[in-house]
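Just so we're on the same page: letters track the sequence lines, and every chain starts at 1.
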Amino acid sequence: MIKDRLFRIMLENYGYQGWWPITSMAGEEGFNSLGYHPGDYTPPHNKAERFEIIVGALLTQNTSWINVEKAIEHMRMEAIITPEDILKTPPDKLAFVVKSSGYYNEKAKKLKRISGFFADDVKLEKESAFSGIVTREILLSLWGIGKETADSILLYAYHYPVFVVDTYTKRILSRLGIIRGSESYDEIQMLFSSEELNAEKHKFCNEYHALFVQHAKRYCRKKPVCSGCPLADMCIMRKTGKNIIIGDYR
DNA sequence: CCCCAGGGAATTC
DNA sequence: GAATTCCATGGG
């Protein structure tokens, strides 16, 4: 299977990525200075870590992780950590605190929305996330959460075996010639889904997405750096010398 | 100066 | 459904 070969080559070249980084755990046992947890290991999450992953997934929408880290750090400085903290923070102040992550007014609103859902003592019309089961449908119903963010939360916060499709995924797959570039999110996701029931499957999805991000940052940038690329010999764009991307996959 | 970054919603056709 | 436009900081 092409997807297994692709995974193996990236893993051999980049190693385990240790996602999702949890900045509040940076420097703690099992985590490096940036909050990643390198190695073939996916730690269980307590409530606080899970919510930090959810916050990070929201803030990193179309935004570099370094800017998200600054925002999360600022939130910690201001003691705005829990859903309850976020709910009681004035909108303008919350926007200021997450300013570095960009789109700060929208993201402040998104944080409010998801905090309303995850707060223990807040009842929206829908059931509380912690009194029931979080599903993709429920996450998608929240303003500010689309398919990628929902799947990132399901995979990295809850360890569900869900394959996350992002801009990097589309860019890499289209350059490799595995997709044309016009496929929908769900179509691409299906390519990497398997029916087999496997308790370790979420680790495969976890590592695969993280490896895609690493590969896209190192070689498969918008302006590709093909010299030394470990996937060059199986890349259509490399062979033809043309960027075959149809869509604008940044 | 320019381009880019771990998207999503609203609008329009 | 597909194509546009808006949201915005910080680093290269």
Side-chain angles (χ1 to χ4, degrees), chain A residues 10 14 16-23 34-37 42 52-75 91-114 117 136-157 162-175 179-189 192 205-225 243 245-250:
Chain A
M10 289 196 294
Y14 305 126
Y16 289 102
Q17 300 299 301
W19 275 38
W20 185 285
I22 302 172
T23 65
L34 297 177
Y36 293 81
H37 47 88
T42 304
E52 186 186 316
I53 293 171
I54 291 167
V55 168
L58 265 178
L59 295 183
T60 199
Q61 290 173 356
N62 202 35
T63 302
S64 59
W65 183 251
I66 184 68
N67 283 1
V68 175
E69 276 189 325
K70 295 176 195 291
I72 292 177
E73 191 58 34
H74 197 180
M75 288 174 73
D92 288 350
K93 178 172 183 183
L94 186 58
F96 175 72
V97 170
V98 300
K99 189 166 183 285
S100 67
S101 67
Y103 309 131
Y104 49 83
N105 287 313
E106 284 201 2
K107 285 177 177 174
K109 196 190 302 179
K110 291 176 181 181
L111 288 176
K112 289 272 190 184
R113 292 295 297 155
I114 201 159
F117 182 70
R136 193 177 197 245
E137 184 181 11
I138 292 174
L139 290 172
L140 288 175
S141 74
L142 298 174
W143 187 86
I145 296 184
K147 289 178 179 177
E148 190 198 325
T149 306
D151 287 341
S152 292
I153 291 172
L154 292 174
L155 173 60
Y156 290 108
V162 178
F163 195 88
V164 176
V165 178
D166 67 347
T167 304
Y168 290 154
T169 307
K170 296 175 189 171
R171 182 200 292 164
I172 293 168
L173 292 179
S174 59
R175 284 176 176 172
I179 64 174
R180 292 196 319 277
S182 55
E183 292 87 345
S184 69
Y185 184 101
D186 297 319
E187 283 179 294
I188 298 170
Q189 187 176 51
F192 290 83
C205 294
N206 178 320
E207 205 60 45
Y208 216 136
H209 176 66
L211 286 167
F212 267 150
V213 172
Q214 178 60 26
H215 179 61
K217 284 179 173 173
R218 176 64 183 82
Y219 294 104
C220 211
R221 304 176 182 176
K222 184 165 186 179
K223 186 183 176 75
V225 179
N243 191 329
I245 294 176
I246 296 173
D248 177 25
Y249 292 136
R250 297 162 294 165

Inset, instruction - Can you tell me the distance, in whole Å, between the CH2 atom of A:Trp65 and the P atom of C:dG10? - result: 17 Å
Legend entry - Under 4.0 angstrom between A:Thr167 side-chain N/O and B:dA5 OP1 or OP2: no
Inset, instruction - May I ask you to say what A:Tyr36 touches in the nucleic acid, namely base, sugar-phosphate or nothing, with a heavy-atom cut-off under 4.0 Å? - result: base
Inset, instruction - Please report, rounded to the nearest Å, how far the P atom of C:dC7 is from the OH atom of A:Tyr104. - result: 10 Å
Legend entry - Pairs involving residues 99-109 of chain A, ordered by first then second residue, that meet salt bridge (charged side-chain N to carboxylate O under 4.0 Å, His left out) (sequence neighbours left out): none
Inset, instruction - Examine C:dA8: is either OP1 or OP2 under 4.0 Å from a nitrogen or oxygen in the side chain of A:Asn62? Give yes or no. - result: no
Inset, instruction - Classify the side-chain pair A:Glu73/A:Thr23 by whether it contains a donor and acceptor separated by less than 3.5 Å. - result: no
Legend entry - Under the ring-ring contact (aromatic ring centres under 6.0 Å, His included) test, residues paired with A:Tyr185 that sit two or more places apart: none
Inset, instruction - Starting from P on B:dG7, measure out to CG on A:Leu139 and report it in whole angstrom. - result: 17 Å
Legend entry - Nearest-Å distance once atom P is located in both C:dA8 and B:dA10: 14 Å
Inset, instruction - Provide, to the nearest angstrom, the distance between the CD atom belonging to A:Glu69 and the C1' atom belonging to C:dT9. - result: 15 Å
Legend entry - Interatomic distance at P, B:dC3 relative to C:dT5, whole Å: 16 Å
Legend entry - Pairwise C1' distance for C:dA3 and B:dA5, with rounding to whole Å: 22 Å
Inset, instruction - Under 4.0 Å between any heavy atoms, over every strand shown, what does A:Lys223 touch: base, sugar-phosphate, or nothing? Just pick one. - result: nothing
Inset, instruction - Round to the nearest Å and state the distance from A:Lys107 atom NZ to C:dG10 atom C1'. - result: 12 Å
Inset, instruction - Measure up the A:Tyr36 and A:Trp19 rings against each other and bin them: parallel (under 30°), tilted (30 to 60°), perpendicular (over 60°). - result: tilted
Legend entry - Out of B:dG7, C:dG11, B:dA5, whichever nucleotide has its closest atom nearest the side chain of A:Ser64: B:dA5
Inset, instruction - Take atom CG of A:Asn67 and atom P of B:dG7, then tell me their distance rounded to the nearest Å. - result: 13 Å
Legend entry - Protein-to-nucleotide contact annotation, 5' to 3' order, nucleotides 8-13 of chain B [B base; S sugar-phosphate only; - none; under 4.0 Å, heavy atom]: SSS---
Legend entry - Interatomic distance where CG belongs to A:Leu58 and C1' belongs to B:dA5 [whole Å]: 16 Å
Legend entry - For atom CG of A:Asp186 and atom P of C:dG1, their distance in whole Å: 11 Å
Inset, instruction - Look at the rings of A:Tyr156 and A:His209 and say which category their plane angle falls in: under 30° parallel, 30 to 60° tilted, over 60° perpendicular. - result: tilted
Legend entry - Nearest heavy-atom neighbours spanning A:Lys70 and A:Ser100: CB-OG, 3.4 Å
Inset, instruction - Check every atom of C:dG10, B:dA5, B:dG7 against the side chain of A:Lys99 and return the nucleotide holding the closest atom. - result: C:dG10
Legend entry - Heavy-atom pair with the smallest gap, counting every atom of A:Pro224 and A:Lys222: CD-O, 3.2 Å
